[in-house]
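Working notes, structure below.
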Amino acid sequence: MCKFRVFFISTPAIGNLVPIVEFAQRLVHHDPRFSATILIISLSQRPIVNSYIQSRSSTYSNINFIHLPPVDSPSPDQYQSAVGYISLVSQKHRPHVKDEIAKLQQTESDSARVCALFVDMFTTAMIDVANELNIPCYLYFASPVTFLGLMLHLPVIDVQLATEFIESDNELIVPKDPATELIIPGFANPLPPKVLPTSVLKRRSDGYSWFLYHTRRYVETKGVVVNTYRELEKYAITSVEATTTVPRIFPVGPVLDLAGPIEWHPERDQQDRIMKWLNNQPRSSVVFLCFGSMGSLGRSQLREIAIGLERSGFRFLWSIREPPKGKLDLPGEYASVEEILPEGFLNRTAEIGLVCGWVPQVTILANQAIGGFVSHCGWNSILESLWYGVPIATWPIYAEQQMNAFELVAELGLAVEIRVDYRSESGDMVLAEELERGIKRLMDGDDEVRRKVKEMSEKSRMAVMENGSSCASLTSLIENLTSGIS
Ligand SMILES: O=c1ccn([C@@H]2O[C@H](COP(=O)(O)OP(=O)(O)O[C@H]3O[C@H](CO)[C@@H](O)[C@H](O)[C@H]3O)[C@@H](O)[C@H]2O)c(=O)[nH]1
């Protein structure tokens, strides 16, 4: 009989929601005294969230999924960024979350006690609900500890950003002295400012104010559960614990959905076509290019990629998404990619390459044909690639990805660099020859990176085994969650 109930409230984004659901599943599987309820915020612009939940509700019968009622959209003058919008929507959901938890508390059998509400990096307004209901609150962090370190340090470096950088409306801040470097908890090396997230470099934006809001709230929680593992971010974990006011860190990862979209994404036909093609390719011969659930690139950049790929001569699997129309929309699928790629490209490369839209990424990374991954460096993608021992070439686009790329290349030596500071919104362009060079190093050269990635792959698997570091961390989290509850 279950004794302890935990609640989760996630940002409506695949990158946050999937690792939260997987963690809930791991928790209830690891300790059957637990039951988990996931409260879902829906956004009409993100139907993928609903199809994901629908599929997972039938597979994960021991998790309770509850869709929260819709709220009025914030008016456009209240936000400029997606972070702002999501933070406001989350705030508006506070009464609903309180109602749902209170309702369940009343109907719960006597033996089950609510022992935690887990918020994520952008749903921290729910800490108020936990306080009102007297429930301990924890943060589930789907990004690396290095990013947690930056967030916790933001109020401190804010002064440095204000005095040592040049600011202008809507522009990214730049250091007055180009040699400026930042000392950030979690990074052994000084951080070049150009790898900071756009929301931080747009210091006058609502995104930055929200970052400051959320980070102040992180320290109100009882602990931060991070989707990472000690063997991967050893320095970062020790450094952030020692130099910030973080409550306790529980590294429980990698927490991955290894079945992935092949099970829950609606586009089954395309996925079957991809896997059939991949199964016919030689071992480690294919370079895979994919830029995350929210990543898309402009047409001229796509043409450069096509030229670079063709010149490299390697077999390739390339996921191309159409840029979204609105700020909150996700990328879509091109009706025809032929017209956006160089003339004759698809015909010339028909024997060696496949161009597609959304892909079942984790299943692809598991395939023996994949030899390297050109990735936007979202944290889930990094963990998945390390799990399967596939080396990455870094091409970050948005969010904290530039920092993740810097961590992989400069801190951990676990990736080949294409760029660590690419930012599409500033009109940046990776030229065909840069990509060609990067792909050749990824697929042909850098045995040291490949060796380290294989080693880390083994460590990631060990971490989640019985007696592994993340398993031990989960046990100690459970002790924390249940202590004082009879
Ligand atoms: O065509 C696709 C694209 C993505 N995915 C999957 O979608 C997830 C994407 O997650 P991630 O790699 O973390 O990228 P984002 O979706 O961009 O995730 C957001 O959330 C992450 C966790 O906080 C951050 O690290 C990222 O920077 C942020 O953009 C992964 O599991 C991928 O396997 C697919 O299966 N097929």
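Numbering starts at 1 and runs along the sequence shown. Counting starts at 1 for both ligands and their atoms, in listed order.
The protein heavy-atom contact nearest to atom 17 (O) of ligand 1 is Y398 OH, 2.7 Å. Scanning all protein heavy atoms for the shortest distance to atom 31 (O) of ligand 1 gives E384 OE2, 2.5 Å. Annotation: atom 24 (C) of ligand 1 to nearest protein heavy atom, E400 OE2, 3.3 Å. Closest to atom 23 (O) of ligand 1 among all protein heavy atoms lies S143 OG, 2.9 Å. When hydrogens are left out, the protein atom nearest atom 28 (C) of ligand 1 is Q401 NE2, 3.9 Å; that is the closest non-hydrogen contact. The single protein non-hydrogen atom nearest to atom 13 (O) of ligand 1 is N380 ND2, 2.7 Å, given as residue, atom name and distance. Atom 12 (O) of ligand 1 has its closest protein heavy atom at S381 OG, 2.5 Å. The protein heavy atom nearest to atom 32 (C) of ligand 1 is Q361 NE2, 3.4 Å.
Counting only N and O atoms by type, the side chains of S51 and H265 include no donor and acceptor under 3.5 Å apart. There is a side-chain donor-acceptor pair under 3.5 Å between Y213 and R217. Between the side chains of Q361 and S381, at least one donor N or O lies within less than 3.5 Å of an accepting N or O. If you check the side chains of D120 and T11, you find a donor sitting under 3.5 Å from an acceptor. Between Y388 and Q368, the side chains place no donor N or O within less than 3.5 Å of an acceptor N or O (distance only, hydrogens not considered). Remark: the E231 side chain and the S469 side chain contain an N/O donor-acceptor pair separated by less than 3.5 Å.
The A399 neighbourhood of ligand 1 comprises atoms 27 (O), 29 (O), with distances under 4.0 Å to a heavy atom of that residue. Under a 4.0 Å criterion applied to the non-hydrogen atoms of G292, ligand 1 contributes the atoms 3 (C), 4 (C). Taking every heavy atom of A142 and a limit of under 4.0 angstrom, the matching atoms of ligand 1 come to 22 (C), 23 (O). Close approach to N16 involves these atoms of ligand 1, each under 4.0 Å from a residue heavy atom: 20 (O), 23 (O).
The backbone N or O of M151 lies less than 3.5 Å from a partner atom in the side chain of T215, making a donor-acceptor pair.
Interatomic distance, CD of E411 versus CG of N404, reported as 11.5 Å (0.5 Å rounding). Going from atom CZ of F141 over to atom CG of N227 covers 11.0 Å, rounded to the nearest 0.5 Å.
Among P144, P261, S293, P360, the residue whose heavy atom sits closest to atom 4 (C) of ligand 1 is S293. Selection from V359, I364, I320, L365 by nearest heavy atom to atom 34 (C) of ligand 1 gives V359.
Each of V226, T228, V464, V255 was evaluated against S470; a single residue qualifies, V464, per the side-chain contact (heavy atoms from CB on, under 4.5 Å) test. Screening V374, I392, L365 for a side-chain contact (heavy atoms from CB on, under 4.5 Å) with F288, the sole residue that qualifies is L365. Among Y138, F250, Y140, the one residue that satisfies the ring pair (Phe, Tyr, Trp, His ring centres under 6.0 Å) test with F118 is Y138.
The part of C290 lying near ligand 1 is the side chain, judged by heavy-atom distances below 4.0 Å. Heavy atoms of H265 found under 4.0 angstrom from ligand 1: none, in either backbone or side chain.
Backbone and side-chain nitrogen or oxygen atoms of G357 are examined, and none is located within less than 3.5 angstrom of a nitrogen or oxygen of ligand 1. Between R321 and ligand 1, no pair of N/O atoms sits closer than 3.5 Å.
Heavy-atom distances between V18 and ligand 1 stay at or above 4.0 Å for every pair. Put simply, part of M121 is less than 4.0 Å from ligand 1, judged by heavy atoms. In this structure, G260 does not count as a contact residue of ligand 1, since none of its heavy atoms falls inside 4.0 Å of the ligand.
Side chains of L317 and C356 form a contact here, defined as non-hydrogen atoms less than 4.5 Å apart.
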